[in-house]
Amino acid sequence: MLFLLFQIGRDRYGLEASQIVEVVPLVILKKIPQAPPGVAGIFNYHGTVVPVIDLSELAGGQPSALRHSTRLVLVNYPIDAEQQHVLGLIVEMATETIHLGMAAFNDVGVDVHEAPFLGPVAKDGRGLIQRIEVKDLLSDDLRDRLFQPTEEHASGAH
């Protein structure tokens, strides 16, 4: 499987490429007043309002640095068994990909309840790579707050 690699601090992480919709340069986000930590804002992506999470802030408590290699990665986030929504992720040092089999990943051995999105780890010649579990990025409460049904969808109209 192909993974997009990026960094949080000095540590490397990977997102499974099949979950990625697009990787784009950072855009100016509309800030959300009183947003929970890690919620960077929202932006318009082809007519759809997309919430954006700063993975550095979510995982490490520090906002992502504004570098040339800092990117906005759009992923398909599963709302439920039948629905997905595009979710933006700000990531640093998104400059390379790597092919790894799922068997290359092993459990960390430490369960971090505050960060269930931190998955198993694999290693390569440069060290460890921790997999990000997209489906576990948001708590149920945060998911419901970010992806409130529109009146159009709530009434069944399309």
Quiz item: How would you list all residue pairs meeting salt bridge (Lys or Arg N to Asp or Glu O under 4.0 Å) that involve residues 4-20, not counting sequence neighbours?
Solution: Arg12-Asp124
Quiz item: Between Asp54 (side chain) and Ser64 (backbone), is there a donor-acceptor pair under 3.5 Å?
Solution: yes
Self-check item: side chain to side chain contact (heavy atoms under 4.5 Å, CB included) against Thr95, all qualifying residues, sequence neighbours excluded
Solution: Ser69
Quiz item: Residues sharing Met102's hydrophobic cluster, by side-chain heavy-atom contacts under 4.5 Å among ILVMFWY, directly or via others?
Solution: Met1, Phe3, Leu5, Ile98, Leu100, Phe105, Ile129
Practice problem: Output all residues satisfying salt bridge (Lys or Arg N to Asp or Glu O under 4.0 Å) with Glu92, sequence neighbours left out; order by chain, then residue number. | Solution: Arg67
Exercise. Kindly state each residue pair satisfying ring pair (Phe, Tyr, Trp, His ring centres under 6.0 Å) with at least one member in residues 79-104, sequence neighbours excluded.
Key: His85-Phe147
Quiz item: Excluding sequence neighbours, so at least two apart, what forms salt bridge (Lys or Arg N to Asp or Glu O under 4.0 Å) with Arg126?
Solution: Glu96
Quiz item: So which residues get pulled into Ile90's cluster when ILVMFWY side chains under 4.5 Å apart are joined, directly or through others?
Solution: Val21, Val24, Leu26, Val27, Leu29, Phe43, Tyr45, Val50, Val52, Leu66, Leu72, Leu74, Val86
Exercise. Mind checking side chain to side chain donor-acceptor pair (under 3.5 Å) for Gln62 and listing every partner two or more places apart, or none if nothing turns up?
Key: none
Practice problem: Mind checking side chain to side chain contact (heavy atoms under 4.5 Å, CB included) for Asn44 and listing every partner two or more places apart, or none if nothing turns up? | Solution: none
Exercise. Could you pull out all residues at least two apart from Asp140 that satisfy salt bridge (Lys or Arg N to Asp or Glu O under 4.0 Å)?
Key: Arg143
Self-check item: Leu4 with Met93, same ILVMFWY side-chain cluster at under 4.5 Å
Solution: no
Exercise. Keeping to residues at least two apart or across chains, list the salt bridge (Lys or Arg N to Asp or Glu O under 4.0 Å) pairs with something in residues 70-82.
Key: none
List the atom pairs, with distances to 0.1 Å, where a side-chain N or O of residues 33-41 and a protein N or O form a donor-acceptor pair under 3.5 Å, not counting sequence neighbours.
none

